[in-house]
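All heavy atoms count here, side chains included; hydrogens, waters and symmetry mates do not.
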Amino acid sequence: MAWTRKILRVNLTQGNCVSEPLNMAWAAAYLGQRGLASKYLVSEIDPKVDPLAPENKIIYATGPLTGTMASTGGRYSVITKGPLTGVIACSNSGGFFGAELKSAGWDMIIVEGKSPRPVYLHIENEQARLLSADDLWGRTVWATEGTLKKRHQDPLLRVSSIGRAGENQVLFAAIVNDLHRAAGRSGVGAVMGSKNLKAIAVRGTLGVGNIADGKAFMAAVAAGKKVLAENAVTGQGLPTYGTQVLMNVINEMGASPTRNHRDVQFEGARKISAEAMHEKRATDGRTHLVTNQACFGCTIACGRISRIDETHFSVDTKPQYWGANGGLEYEAAWALGNANGVDDLEALQYANLLCNEDGMDPISFGATVGAVMELYELGILSEDEIGLAAPFGSAEALCRLAEMTAHGEGFGKVVGQGSKRLCTRYGRPDLSMTVKGQEFPAYDGRALQGMALAYATSNRGACHLRGYMVSSEVFGIPIKTDPRETAGKPELLKAFQDATATVDSTGLCTFTTFAWTMNDIQPQIQAACEGDWSLESLLRTGERIWNLERDFNLAAGITAKDDTLPPRLLNEPCQTGASKGMVAELGKMLPEYYSLRGWTADGVPTAATRARLGL
Amino acid sequence: MQKSLHIDPGKCTGCLQCEMACSYENTGLFNPAKSRIKVFDFHHEGRKVPYTCTQCAEAWCLNACPVEAIRIDLGTGAKVVVDALCVGCKVCTIACPFGTINYNHDSGKVQKCDLCGGDPACATACPTGAITYIDADWTGLERMRQWAQKTDSAASV
């Protein structure tokens with residue numbers, strides 16, 4: 001079984017919490033977490049709803065393997081209609097909160113309505129209560145977690161909350177748990193803020209059981225752990241260097257978007273790389289990196305714990321930031337660094353700490369700063385308008401803009417609307433490096449053709465986690481493809497997208513797929529869950545989820561015209577690197593992709609496709 | 001050979017595989033809340049430390065128990081709670097200087113590490129070798145070896 005078979009439904013308008021049984025027919029079709037919560041969301045909300053209106057709902061969902069001993073089995077996802085994109089948002093987080101929620105006896109929490117006053121949800125196993133958060137409103141994620149642990153006299157309480165960014169409805173506000181793990185993208189934190197829900201604090205002591213075949217499960221788990229340990233990426237690369245192992249690799253091949261995608265290589269990349277984090281600083285003789293850290297149940301342990309340089313201008317008078325703390329991960333380092341041309345590792349860590357402290361997505365924040373800097377250099381944005389000089393490469397501007405955005409001060413309010421709205425406001429929507437309103441992550445679609453298609457077709461706007469073609473185009477996992485080639489990419493991407501949708505619905509981390517194939521994952525699910533979880537069934541589940549999300553997005557108002565890329569990626573070639581002279585050849589791939597998906601030429605799933613998938 | 005658990009906090013990543021393995025072994029559930037080994041995260045120092053019973057030779061818990069419910073497993077040397085005898089008085093939890101024996105309100109008994117009868121699940125589950133089960137008389141062997149390796153060999157020239 002693996003599911004607890006219970007949902008907690010919280011109505012903030014009425015101020016009540018009700019337990020209801022999980023729809024097991026839906027669990028059989030959508031597994032859990034991303035898939036299952038998406039099914040609930042699309043069944044319960046109007047696709048046209050204003051994401052920040054009380055009528056939107058927000059769901060916190062675990063998977064069947066969340067809270068079990070399966071390696072990385074600690075994930076939860078937050079599913080809602082996203083305010084940054086206007087399409088479905090599904091942001092996945094690690095840490096310890098998800099497993100705690102499951103151990104408290106809940107598969108998911110569905111939050112609806114809007115509280116008249118700030119509240120937080122306190123869950124102690126089957127007991128759930130809404131309590132006043134009047135004294136927490138206006139405070140950071142870190143202060144909120146500390147205060148709640150003290151108030152409930154419970155150092156083992158796990159907290160998922162928003163900071164001031166979510167309260168102020170910054171459109172890329174994140175939900176942060178365990179201090180620095182985040183449901184980061186698409187502005188899920190702003191939805192929480194719009195509902196006056198400050199935090200969810202959970203203590204679960206019931207444990208996770210209901211494993212269909214315990215003996216088979218433990219054998220499958222042990223086999224899975226062995227594969228992760230013996231793989232070069234998950235056994236050595238990620239624990240030693242973290243995701244930052246990518247910084248030099250991606251930059252050297254010329255696939256690192258730099259200065260708002262003007263360039264594809266950043267001359268300062270080495271200074272902000274994983275290798276730099278391992279080097280002793282001149283100022284204090286310490287390395288930036290302190291240690292690696294695992295999320296719940298994870299035997300990879302890619303998380304970075306670093307210590308900022310106390311003498312750096314950003315923190316020399318702020319001892320509260322001097323301790324060991326989360327960061328830098330690759331996506332954040334890229335967005336705060338390469339996207340802005342900033343090569344000051346300590347400045348990036350400071351901006352990253354602010355993103356964690358007040359709950360912001362560092363990818364969207366950093367990429368939006370990239371747009372600010374380009375508009376500044378073009379003379380469209382003035383020093384007066386911003387409140388400071390903001391040329392590319394300015395670490396001071398990056399740090400100050402992070403403070404202003406996190407705290408909702410001055411021009412930070414404009415930055416907090418994201419790159420698309422900012423560039424439109426200043427008459428240059430073409431300079432917004434976004435798809436469906438969401439900023440690109442750290443791979444250039446001109447240098448990696450498969451990623452171009454992945455970005456254009458992602459169901460939550462530009463995103464690397466909906467179909468990580470980098471895996472094939474750079475690392476040759478599971479097969480090596482030429483990043484400059486378009487042939488074969490639609491088919492490979494579809495397979496990646498469907499498989500990822502499945503993994504995101506299990507409770508496992510997608511990083512396992514550097515080493516695991518579905519052949520490693522399937523036995524764990526089959527042993528844990530009742531029902532048919534053959535390989536075929538799992539992949540069909542992934543495809544079903546993808547089409548369910550697509551249907552919602554179409555009903556929300558997107559069309560095939562939105563499956564595109566900014567003109568810069570389509571028209572301005574890479575100036576250096578292995579893909580010099582290339583643009584993103586989207587037109588060569590998109591029609592074939594639609595066809596492989598069983599969609600019309602307008603990107604709409606056909607009746608036959610819907611019927612085949614049981615939609 | 002008598003063995004004991006050996007913990008090297010420097011290798012711990014804080015993944016809690018040990019806590020899950022312990023609870024699964026003893027309760028059949030993945031439930032860190034019921035684990036007899038706990039990992040502490042000293043976050044702002046960047047340190048994670050697994051901690052559990054050291055199986056004291058002169059065990060405070062054993063000596064304090066008024067009903068002789070804590071016995072020595074002659075095979076492993078573990079101090080083991082006999083559930084059938086434990087009355088849940090918690091005196092042992094007061095006596096233990098290290099906090100590693102605790103009351104479990106579900107069972108009404110105290111619980112502590114019993115070395116799983118000689119095959120500790122935590123050590124098997126640990127992915128990094130932070131928890132190992134080794135020769136009880138030579139728990140310092142690896143550290144000695146590391147220092148020995150650093151010893152200046154010039155003296156012999």
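- No more than 12 heavy atoms of other residues, nucleotides or ligands sit less than 6.0 Å from atom CD of Gln127(A).
- Among all heavy-atom pairs drawn from Gly209(A) and Leu29(B), the shortest one is CA-CD2, 3.4 Å.
- Between the CE atom in Met69(A) and the CG atom in Leu16(B) there is a gap of 11.0 Å [rounded to 0.5 Å].
- The local environment of NZ in Lys150(A) is sparse, with at most 12 non-hydrogen atoms from other residues, nucleotides or ligands closer than 6.0 Å.
- Once rounded to the nearest 0.5 Å, the distance linking NZ of Lys38(B) with CG of Leu156(A) reads 5.5 Å.
- Of all the heavy atoms in Asn31(B) and Thr205(A), the pair that sits closest is ND2-O, 2.8 Å.
- Remark: Trp138(B) CH2 is loosely packed, at most 12 non-hydrogen atoms of other residues, nucleotides or ligands lying under 6.0 Å away.
- For Cys15(B) against Cys298(A), the heavy-atom pair with the smallest separation is CB-O, 3.1 Å.
- Of the two parts of Leu228(A), neither the backbone nor the side chain holds a non-hydrogen atom closer than 4.5 Å to a non-hydrogen atom of chain B.
- Contacts with chain B were tallied for Gly303(A), Gly207(A), Gly323(A), Ser103(A); Gly207(A) has the most, counting heavy-atom pairs under 4.5 Å.
- There is no contact between Tyr321(A) and chain B, counting heavy-atom distances below 4.5 Å.
- For chain A, no part of Phe42(B) is nearby; none of its heavy atoms comes within less than 4.5 Å.
- The two atoms that bring Phe296(A) and Pro32(B) nearest to each other are CE1-CG, 3.9 Å, heavy atoms only.
- The number of heavy atoms from other shown groups lying within 6.0 Å of CD (Gln153(A)) does not exceed 12.
- Dense packing is recorded around NZ of Lys6(A), with more than 12 heavy atoms of other residues, nucleotides or ligands lying under 6.0 Å away.
- When all heavy atoms are compared, the tightest approach of Lys225(A) to Ala125(B) is NZ-O, 2.8 Å.
- Remark: side-chain polar atoms of Gln293(A) are not paired, donor with acceptor, to backbone N or O of Thr13(B) under 3.5 angstrom.
- Heavy-atom contacts from other residues, nucleotides or ligands closer than 6.0 Å to CZ of Phe511(A) number 12 or fewer.
- Side-chain contact between Met218(A) and Tyr24(B) is present, with heavy atoms from C-beta onward closer than 4.5 Å.
- Closest non-hydrogen pair, Gly46(B) versus Ala324(A), comes out as N-CB, 3.6 Å.
- Using a 4.5 Å cut-off on side-chain heavy atoms (C-beta onward), Met20(B) and Val208(A) make no contact.
- Here His180(A) is the residue among Arg203(A), Arg307(A), His180(A) with the most heavy-atom pairs under 4.5 Å with chain B.
- Heavy-atom distances place the side chain of Asp41(B), and not its backbone, under 4.5 Å from chain A.
- Only one option out of Glu45(B), Lys48(B), Arg47(B) pairs with Thr291(A) in a side-chain contact (heavy atoms from CB on, under 4.5 Å); it is Lys48(B).
- The number of heavy-atom neighbours closer than 6.0 Å to CD of Glu68(B), taken from other residues, nucleotides and ligands shown, is 12 or below.
- Interface check for chain A: of the options Ala21(B), Gly28(B), Ser23(B), the most heavy-atom pairs under 4.5 Å are formed by Ala21(B).
- Counting heavy atoms from C-beta outward, Ile305(A) and His43(B) have side chains that approach closer than 4.5 Å.
- Contact tally against chain B (heavy-atom pairs below 4.5 Å) for Gly326(A), Ala229(A), Gly67(A): the top residue is Gly67(A).
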